[in-house]
Number of protein chains: 2
Amino acid sequence: MTPPSKPRPSAGETLHQRIRSDIEGRILSGEWPPGHRLPFEHELMDTYSCARMTANKALSALAASGLVERRRRAGSFVARPKVHSAVLQIPDLKSEVENRGERYGYELLDRQKRGATREDRGRLEVHLREPVMALRCRHDAADQPFALEDRLLNLKAVPDAALQDFAILSPSTWLVDHVPWTEAEHRISACNADEVVAGELAIEVGSACLVIERWTWRSGEPITAVRFTHPAVLYDLVARFTPSS
Amino acid sequence: MTPPSKPRPSAGETLHQRIRSDIEGRILSGEWPPGHRLPFEHELMDTYSCARMTANKALSALAASGLVERRRRAGSFVARPKVHSAVLQIPDLKSEVENRGERYGYELLDRQKRGATREDRGRLEVHLREPVMALRCRHDAADQPFALEDRLLNLKAVPDAALQDFAILSPSTWLVDHVPWTEAEHRISACNADEVVAGELAIEVGSACLVIERWTWRSGEPITAVRFTHPAVLYDLVARFTPSS
DNA sequence: AGACCTTATTTGTCTATACATATTACGTGG
DNA sequence: CCACGTAATATGTATAGACAAATAAGGTCT
């Protein structure tokens, strides 16, 4: 392997960062194709005159990012990415709208405290009759309906929520600031607006909507299930991916 | 709309992993709220009887994952996450279908080599009349139309693609194996099927479709732009997030 | 009080070494 | 030829020590 060959404009790079970006460059340029065995740690020690820990740090980081795969006794190999992975940022709607430079509006449509019904149980993994709160509200951007939020909250996990009326502050905003979570899952789909949704979003019956559902847990205990329904014409989800990040 | 099943804990931990998950637990349980200063590296050395490198590794990993923020001379602090971020996995459709245990089918609908038109230029950042390839094809799952793929390829960046007829092998599958990329952007939206799309996907005109668009670059050079259109009833995108991953 | 300098503390990076662990490669005996 | 034990090798994890860089906290001088 030839020593450092890449343009290195960033003077403030540390050694293991430099090793990492050198290797990354070779992989992404196609010089080292998927399956190619990259230098052993002791070879990197020689070419960069560093300790093994330093080479290890670079390779471990590359492995963590999924660009390379490491096998004991065999070596490190350029991974063959089977999936496009990307970091999806799902911001709080209030900041999303304000970042667009538009006026944000919020209206609570419905708020019910109740014992969990059979249907609720299908959404949230709570037991029958345990206390939950069901919320429906609308988020507006530039005085136009932007999203419908349909949320079920587990009051056993978040008792403080029972004290909130959510008339001014949206449940999403309140939750982000008050409730930590450990696991979340998102499901993104599309649907045709039925009469109720079309009415609330001021769109034609049947228009396509983008639906984002999210379930949140804290240490296995369900916290909330929420569904955002956006008019398709007003909202796209954007996800970016760069391997070096 | 059933909620997904809970994630599971793991076993067989190394020391720095244990330190990390201990801290993670305290943060996620709310015991250490956002802004809280967590123990210094030398304090962790004492409580876990380990070297500083080991404590450092744990804290660095937490910082990399975004859960904590570190400042020299000040210490390490629990970070306040502002957005829900999640890793979105967008698999190759062939593997996606086969992982569901269904029969995968592929049909090429149209293939054109041409100089870039004005419209193409809007999709792909190429100059007028530069060689591109436009492809339309259909992916089936269990003999039902599953996705429509509409792709524009920059032949200047990927000249080998001109030799492929894509009659058997889908362009997505070929590209994954042959063309490395450095940046990608995804846009996820919804639309109503027009007559053409409805016909090709064998669904009603007007049914909601989930649309995933992807642009791919290599070192700033555009490689391809692709749009997948899925019948909403057949396909959901799923994204998971656990801080420990 | 405010501007400036000094010091102490904490994190960031790196070296050198050690032993553990997984897995390939090889050689031996059946 | 195959099964099995053994050695070689690359990675995984950890220790202990060193210096560099950033910066919060104090102290001094004006």
Side-chain angles (χ1 to χ4, degrees), chain A residues 1 3-4 6 8-24 26-27 32 34-80 244-245, chain B residues 10-24 26-27 32 34-80 244-245:
Chain A
M1 156 181 182
K6 211 188 147 194
R8 225 163 303 96
S10 42
E13 227 181 5
T14 63
L15 224 190
H16 77 263
Q17 285 169 348
R18 191 178 127 207
I19 300 177
R20 180 181 170 174
S21 55
D22 278 2
I23 294 174
E24 215 164 64
R26 289 190 152 90
I27 294 175
W32 289 348
H36 181 262
R37 207 214 76 223
L38 39 105
F40 298 127
E41 295 185 346
H42 68 261
E43 292 177 307
L44 291 174
M45 284 174 67
D46 293 344
T47 59
Y48 290 94
S49 314
C50 66
R52 192 164 77 89
M53 272 297 293
T54 307
N56 182 295
K57 217 171 173 183
L59 290 177
S60 300
L62 287 167
S65 86
L67 243 200
V68 316
E69 196 181 319
R70 313 194 71 190
R71 291 205 310 275
R72 275 177 171 159
R73 159 76 220 218
S76 306
F77 301 84
V78 178
R80 186 182 308 275
S244 32
S245 72
Chain B
S10 57
E13 269 180 331
T14 61
L15 222 190
H16 77 261
Q17 285 170 348
R18 189 177 128 212
I19 300 177
R20 181 181 168 173
S21 56
D22 279 2
I23 294 175
E24 215 164 63
R26 281 188 225 264
I27 293 175
W32 290 347
H36 181 264
R37 208 213 73 222
L38 38 106
F40 298 126
E41 295 185 346
H42 69 259
E43 293 176 308
L44 291 174
M45 283 174 68
D46 293 344
T47 58
Y48 290 94
S49 315
C50 65
R52 189 164 78 89
M53 272 297 293
T54 307
N56 183 295
K57 219 171 172 181
L59 290 177
S60 300
L62 287 167
S65 86
L67 240 199
V68 317
E69 197 180 320
R70 314 194 69 192
R71 290 204 312 276
R72 276 174 169 160
R73 161 74 221 222
S76 306
F77 302 83
V78 179
R80 184 184 309 274
S244 34
S245 73

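Throughout, a chain's letter reflects where its sequence line sits, starting with A, and its residues are numbered from 1. Atoms considered below: every heavy atom in the structure, side chains included; atoms not considered: hydrogens, waters and symmetry mates.
B:Arg18 and B:Glu13 are not joined by a salt bridge, as no carboxylate oxygen comes within less than 4.0 angstrom of a charged side-chain nitrogen.
As a whole-Å value, the separation of A:Arg18 CZ from C:dG12 P is 22 Å. Atom CZ of B:Arg73 is separated from atom C1' of C:dT9 by 4 Å (rounded to the nearest Å). Taking atom CG on A:Leu15 and atom P on C:dA16, their separation rounds to 12 Å, with Å as the unit. For the pair A:Glu69 CD and D:dA10 P, the interatomic distance rounds to 18 Å; values are reported in whole Å. Atom NZ of B:Lys57 is separated from atom C1' of C:dC14 by 14 Å (rounded to the nearest Å). The interatomic distance linking B:His42 (NE2) with D:dG17 (P) rounds to 16 Å, in whole Å. To the nearest angstrom, P of C:dT13 lies 10 Å from CZ of B:Arg70. If you measure from atom CG of B:Leu62 to atom P of C:dG12, you get 12 Å, rounded to the nearest angstrom.
Rounded to the nearest 0.5 Å, atoms CG (A:Asp46) and CD (A:Glu43) are 8.0 Å apart. In this structure, OG on B:Ser60 lies 8.0 Å from CE on B:Met53, to the nearest 0.5 angstrom.
Sorted by residue number, the members of residues 48-56 of chain B with any non-hydrogen atom under 4.0 Å from DNA chain C read B:Arg52, B:Met53, B:Asn56.
When the nearest nucleotides of DNA chain C are assigned to A:Arg72 and B:Leu59 by heavy-atom distance, the more 5′-ward of the two goes with B:Leu59.
Counting distance only, with no hydrogens placed and no angle test, the side-chain atoms of A:Arg71 and the base atoms of D:dA10 include no donor-acceptor pair under 3.5 Å.
Residues A:Ile27 and A:Leu62 fail the side-chain proximity criterion, which asks for heavy atoms closer than 4.5 Å. No side-chain heavy atom of B:Lys57 sits under 4.5 Å from any side-chain heavy atom of B:Cys50.
Shown are A:Arg70, A:Glu69, A:Arg71; of these, the side chain to side chain donor-acceptor pair (under 3.5 Å) with A:Ser76 is made only by A:Arg70. Residue B:Leu44 forms a side-chain contact (heavy atoms from CB on, under 4.5 Å) with just one option from B:Leu38, B:Thr54, B:Ile23, B:Asp22, and that option is B:Ile23.
One finds no side-chain N or O of B:Ser76 lying less than 4.0 angstrom from the OP1 or OP2 phosphate oxygen of C:dT10.
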